[in-house]
Amino acid sequence: MTLDHQTRDLIDQFASSGYPGFAAMTVAEARRTLVELRALAGPPEPIATSEAEVAVRGGVVPLRVYAPVGDAPLPAVVYFHGGGFVCGGLDTIDAPLRALANRAGCAVVSVGYRLAPEHRFPTAHQDAYAATAWVAANAAGLAIDPDRLAVAGDSCGGNLATSVALMARERGPDLAFQALVYPMLDPACDSASQREFGEGFLVTRADLRWFWRHYLSSSEDAADPLASPLLTGVLEGLPRALVVTAEYDPLRDEGEAYADRLRGAGVAVTAKRYDGLIHACFQMGGVIDRSRAVIDDVARVLRTALAAESAPRTASRASPAAAGDRGLELR
């Protein structure tokens, strides 16, 4: 499919402005840029919010809880923002998560994990897991249902959601679902989509390598299945999954490869490629009409997956993949 016309206009605007890309920036410049880019998401929707903190070794992890109108206890999604492990925070993902919570009818808990290079691998992964465990342990106080708990994230946040699902399989808490939005899963950055769409579509292959260099300290880190979930040997017993990819995204192939591996392990997977769109489309609803459909679709799948009558806690207790997909299809 050809590039979405509003997406093409946005790319042209960035090109004419002399936008250098993250790989040409300092860390401070990259962080300021991502804050500025949150305007692409459009105005924030009204929703009740509250703040919390999780104590972790060496610091605290801030949380923001979005609570839509609905009967408590609500299902809940623990969400990890994108930004290459280097940039972003609670404010940069605020508008999309307000919309997601309102449309899904779920509480959404946004996690402000610590960033690299000040905090290198595996800090973000440890923070993400600690936050998820804290949410499950404090479900009553948060007015959420611990039996209907999911993890989700975009880009590097999709990596964190993937890894938390793997850790939770071994340590708990039980998770009902995982939603991975164009997840960043392979530090090698050497897939066909990385080569085909690695330049000219806002987020480049050089940018992705720049992010990985700031987070990982060694080749041993890159070979760790937490950093590289595609290297995970055993995927059986993971919660059902939604995997979202974008046609013109360098990360497209690694997300789709992981969806295929989950299916091969008997995990029920709903996969959707958004033709004509690019990386970060989840956060571009203010300027790209079709980007709003991404949030709407993710919300619809979460609403169905976390309904009280249809939220098996692990894939091992769910139907086989072919049967499990039917109730979660994106139309």
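Residues: numbered from 1 along the sequence shown.
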Should the pair [X] and [Y] be assigned to parallel (<30°), tilted (30 to 60°) or perpendicular (>60°) ring geometry?
X    : Y    : answer
F121 : H125 : perpendicular
W212 : Y215 : tilted
F282 : Y79  : parallel

Ion pair present between [X] and [Y], side-chain N to carboxylate O less than 4.0 angstrom?
X    : Y    : result
R31  : E118 : yes
R8   : D4   : no
D91  : R64  : yes
R103 : E45  : yes

Requested in this report: Please report the C-alpha distance between T204 and D207 in whole Å, then the side-chain angles of each, then the deciding distance to 0.1 Å, and finally whether the side chain to side chain donor-acceptor pair (under 3.5 Å) criterion is met.
Outcome: CA-CA 5 Å; T204 69; D207 293 339; 3.2 Å; yes
Query raised in the report: When you measure from the side chain of S228 to the backbone N and O of P225, does any donor-acceptor pair fall under 3.5 Å?
Result: no
Query raised in the report: Strictly under 6.0 Å, is that where the ring centroids of F211 and F22 end up?
Result: yes
Query raised in the report: Considering residues, nucleotides and ligands other than D71, do more than 12 of their heavy atoms fall under 6.0 Å from its CG?
Result: no
Report task. Kindly indicate whether a cation-pi arrangement holds for R252 with F197, taking the cut-offs as under 6.0 Å to the six-membered ring centre and within 45° of the axis. Result -> no
